[in-house]
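One-based numbering, in listed order, for ligands and for the atoms of each. In this chain, residues are counted from 1 in sequence order.
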Amino acid sequence: MTDVAERLQELRDRGLQRRLRLIEGPQGPRVLLGGREVLLLCSNNYLGFADHPEVRDAAAEAALRWGAGAGASRLISGSMEPHRDLESRLAEFKGYESALLFGSGYLANTGTIAALAGRDEVVFSDQLNHASIVDGCRLSRAETFVYRHRDLEHLAWGLREAGGRGALIVTDGVFSMDGDLAPLTELLELARRHGCRLMVDEAHATGAIGPGGRGSVAAAGLSGEVDVVVGTLGKALGSYGAYVCAGAETVEFLVSAARPFVFSTALPPASAAAALAALELLHASPHRVERLQENAATLRGALVAEGLRASGSETQIVPLHVGDAERTMELCERVLERGVFAQGIRPPTVPEGSSRLRFTAMATHGAEELERAAEQVGAVAREMGIAASPATLAA
Ligand SMILES: Cc1ncc(COP(=O)(O)O)c(C=O)c1O
């Protein structure tokens, strides 16, 4: 048996030990960290709903009316009106027959993939899919074919090789660490040609892109066509929990077959009510999505203007590639000293040698503070030899 202390030391030696940072107040565009206000550039609270007064009130009222917890799994005695109301609103919002709530996006992905792909079948998964998709593939006991990032030819080759055993193609809609988009139209065409389902994880797409923030599937005009859409309530919708949207029959199947749904306590009613309130706010104020997109463009432009390698993203997620894990964390700490909080991302979240600072814009940021933050990052990055100097840029 390997000693835990040894393994911990190994993580330290490789610059991969992680530690918690304590936020001393609600999640806003600026947060208190170590008694100091810093600009928050690594939250998924994209639309500012986690700290929105109406969303907070909805959670508080639901807790008073329905209690702190659901008390049991949905299939025992934990299915309550807030769950039903949110499921029908989510199905309508996404343009699907049915929706089903899960405890988190992690549970929704693992449970859905494992339920939809069985032994002797093949799941096709993009190389840069989120860890919860990777783990869902492992749990499914199906064979997994990992295709190169957004590489349709590689995927098509894998599908041909599988010879009809393909069960599912699964992809992030917006890739969580790079901010680029999956080629959904082409993926759906391949899925149809080879008799597979297509499943899209909208964790970073819902509330951020598409008409009224409906996500990447709606942006591609494929609502109701993509077989399974997964999303989280924990990011743009400001709450906690997750959902799967699909045809009524698929959802009926998941109710009996998705193990994290069957064997885990139902979402607290307050979380469901908060997400429902966020959906209503989104419906009433779609300009928040435009504001987020404008801020994302400002942030991307300002970082590039500083000579930083921050290109490739099309969304509010903007990676700044550093490569080495320890240098990434040094950059993170030094930028934080200047009042900008962007988290360093290291393996296994990203592939070896591709550590990065991952910036995320929010609709609640001001354009000027994003520009000032980029200047601070640029200054530190130049000191560390990560960014090109302005002279080189002008040349
Ligand atoms: C692409 C993606 N899918 C799923 C998840 C998991 O969602 P949740 O935080 O609700 O577990 C995340 C983030 O955590 C994610 O980035």
So, are Asp151 and Arg148 salt-bridged, with charged N and O less than 4.0 Å apart?
yes
Between Tyr147 and Phe124, ring centroids under 6.0 Å
no
His204 to ligand 1: N or O pair under 3.5 Å?
yes
Near Ala203 (heavy-atom distance under 4.0 Å), the atoms of ligand 1 are 1 (C), 2 (C), 3 (N), 15 (C)
Test item: Glu306 and Arg382 side chains (from C-beta on) under 4.5 Å apart, heavy atoms
yes
Can a donor-acceptor pair be found, under 3.5 Å and without considering hydrogens, that links the side chain of His321 to the backbone of Arg309?
no
Find out if a path of hydrophobic residues (ILVMFWY) with successive side-chain heavy-atom gaps under 4.5 Å connects Tyr46 to Leu276.
yes
Below 3.5 Å, N or O to N or O, backbone or side chain included: is there any such pair between Gly105 and ligand 1?
yes
Give a yes/no on ligand 1: does Ser132 have at least one heavy atom closer than 4.0 angstrom to it?
yes
Measure the distance from atom 11 (O) of ligand 1 to every protein heavy atom, then report the residue, atom name and distance (to 0.1 Å) of the closest one.
Tyr106 N, 2.9 Å
Looking at Asn109, which atoms of ligand 1 are within less than 4.0 Å of one of its heavy atoms?
3 (N), 4 (C)
Name the closest protein heavy atom to atom 3 (N) of ligand 1, giving the residue it belongs to and the distance to 0.1 Å.
Asp201 OD2, 2.5 Å
Select the closest option to atom 9 (O) of ligand 1 among Lys235, Glu202, His130, judged by heavy-atom distance.
Lys235
Per-atom contacts of ligand 1 with Asp172, taking only distances under 4.0 Å to non-hydrogen atoms
1 (C)
Report yes if some heavy atom in the side chain of His204 is under 4.5 Å from a heavy atom in the side chain of Asn44; otherwise report no.
yes
When Asp178 is tested against each of Arg150, Arg358, Arg356 for salt bridge (charged side-chain N to carboxylate O under 4.0 Å, His left out), which residue passes?
Arg356
